[in-house]
Amino acid sequence: MNRKFTIAILVNDQPGVLQRVSGLFGRRGYNIESITVGASEEPGLSRMVVVTTGDDHTLEQIQKQLYKLIDVIKVIDVSGNPMVGRELALIKISAEPSMRPEVLGIVETFRAAVVDIGPSTLIVQVVGDSEKIDAMIELLKPYGIRELSRTGVTAMNRGAR
């Protein structure tokens, strides 16, 4: 049965590592739903967080293949244990001054923030799990989404892990 996996990959901070990791997924026919990369707690190492779908066998194959890449230090199935996953979205919407009170009500409900106000647009920043971001986008669609940028999921396990 296919399900969504969130995999954290600790890698050497070297040019070309992102290309090798994403290329591995492409060559094997695995889709990357989202990928984020940034500094980790250890100097010289970066953390990639990849969201993909598949069954348990797919996850096992991905892990084995990743460990074959020279710059991969550690692969963790974050979704295998309780985790915190967050995504950020910036959403530019059409918002004439008369419509802004309605939009601000939605923003407040989602604990989001207006980060830019133009003559006829607002840029809203929302942080949360993917479902929260999706729900916010759906509620803002009637106002006219002019531009949308999402970071993809970043995640880590809860507790002392």
Side-chain angles (χ1 to χ4, degrees), residues 1-93 107 110-116 118 121-141 145-161:
M1 182 177 97
N2 280 355
R3 62 185 179 99
K4 201 176 276 195
F5 292 105
T6 303
I7 304 165
I9 310 162
L10 204 58
V11 298
N12 287 319
D13 188 7
Q14 298 291 327
V17 174
L18 175 59
Q19 178 193 6
R20 287 191 289 281
V21 169
S22 62
L24 180 149
F25 276 77
R27 284 190 306 278
R28 302 282 184 282
Y30 304 136
N31 187 43
I32 295 175
E33 289 190 17
S34 82
I35 186 168
T36 59
V37 185
S40 76
E41 67 281 3
E42 292 194 39
L45 297 181
S46 293
R47 182 177 312 278
M48 292 183 179
V49 178
V50 177
V51 177
T52 188
T53 55
D55 57 17
D56 290 335
H57 177 73
T58 303
L59 174 64
E60 186 180 321
Q61 290 304 306
I62 289 170
Q63 289 173 315
K64 285 179 181 176
Q65 295 299 319
L66 284 168
Y67 274 119
K68 289 181 181 179
L69 297 178
I70 194 157
D71 286 309
V72 171
I73 308 302
K74 191 172 187 181
V75 180
I76 304 153
D77 172 19
V78 182
S79 53
N81 294 297
M83 69 173 216
V84 174
R86 293 291 180 267
E87 185 174 352
L88 175 129
L90 294 174
I91 309 162
K92 184 188 288 185
I93 59 168
V107 167
F110 278 82
R111 288 192 229 132
V114 173
V115 294
D116 184 70
T121 62
L122 293 175
I123 297 178
V124 176
Q125 170 187 292
V126 60
V127 177
D129 60 29
S130 296
E131 291 77 18
K132 177 181 177 179
I133 307 289
D134 292 341
M136 180 95 181
I137 290 168
E138 282 304 308
L139 284 174
L140 292 176
K141 274 184 182 174
I145 294 177
R146 291 198 181 172
E147 205 171 333
L148 171 66
S149 181
R150 293 175 77 157
T151 60
V153 175
T154 191
M156 60 177 56
N157 288 122
R158 294 183 180 273
R161 294 185 183 276

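- The shortest heavy-atom contact between T6 and S79 is N-OG, 3.1 Å.
- Put simply, the side chain of D116 does not reach to within 4.5 Å of the side chain of L122, judged on heavy atoms.
- Partners of K64 under the side chain to side chain contact (heavy atoms under 4.5 Å, CB included) rule, at least two apart in sequence or in another chain, are E60, Q61.
- The shortest non-hydrogen separation linking S40 to L45 is OG-O, 2.9 Å.
- Remark: K92 pairs with E147 by the salt bridge (charged side-chain N to carboxylate O under 4.0 Å, His left out) rule, at least two apart or across chains.
- Nearest approach of S34 to V153, heavy atoms of both residues: OG-N, 3.2 Å.
- A8 approaches V78 most closely through the heavy-atom pair CB-CG2, 3.4 Å.
- Take I32 and apply the side chain to side chain contact (heavy atoms under 4.5 Å, CB included) test, not counting sequence neighbours, and it matches S22, F25, I35, V50.
- Looking at K74 and I9, their side chains never come closer than 4.5 Å, going by heavy atoms from C-beta outward.
- A search for side chain to side chain contact (heavy atoms under 4.5 Å, CB included) contacts involving L90 returns L88, V115, I123, Q125, not counting sequence neighbours.
- The two residues I70 and N12 have their closest heavy-atom pair at O-ND2, 4.4 Å.
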Give the C-alpha distance, both sets of side-chain angles, the deciding distance and a yes or no for side-chain contact (heavy atoms from CB on, under 4.5 Å) between V11 and I73.
-> CA-CA 5 Å; V11 298; I73 308 302; 5.7 Å; no
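- Taking Q63 as the reference, nothing meets the side chain to side chain donor-acceptor pair (under 3.5 Å) condition, with sequence neighbours excluded.
- Atom CG of N81 is separated from atom CD1 of I76 by 10.0 Å, given to the nearest 0.5 angstrom.
- Shown here are the side chain to side chain donor-acceptor pair (under 3.5 Å) partners of E138, two or more places apart in sequence or in another chain: K141.
- Of all non-hydrogen atoms in V107 and A113, the two that sit nearest each other are CG1-N, 3.7 Å.
- In this structure R150 satisfies the side chain to side chain contact (heavy atoms under 4.5 Å, CB included) test together with E87, A89, S130, I133, D134, I137, L148, sequence neighbours excluded.
- Legend: salt bridge (Lys or Arg N to Asp or Glu O under 4.0 Å) pairs involving residues 6-30, not counting sequence neighbours, sorted by first then second residue: R20-D71.
- The salt bridge (charged side-chain N to carboxylate O under 4.0 Å, His left out) test applied to R146 returns no partner, not counting sequence neighbours.
- Interatomic distance, I93 CD1 to L139 CG, rounded to the nearest 0.5 Å: 11.0 Å.
- The number of heavy atoms from other shown groups lying within 6.0 Å of CE (M156) does not exceed 12.
- Every residue was checked against the salt bridge (charged side-chain N to carboxylate O under 4.0 Å, His left out) condition with E131, not counting sequence neighbours, and none meets it.
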Assess whether side-chain contact (heavy atoms from CB on, under 4.5 Å) is satisfied between F5 and T53, documenting all intermediate values.
-> CA-CA 6 Å; F5 292 105; T53 55; 6.0 Å; no
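- Using a 4.5 Å cut-off on side-chain heavy atoms (C-beta onward), V49 and I7 make no contact.
- Rounding to the nearest 0.5 Å places OG1 of T52 at 9.0 Å from CG of N2.
- T36 is linked by a side chain to side chain donor-acceptor pair (under 3.5 Å) to nothing, counting only residues two or more places apart in sequence or in another chain.
- Screening residues 39-55 for salt bridge (Lys or Arg N to Asp or Glu O under 4.0 Å), with sequence neighbours left out, gives E41-R47.
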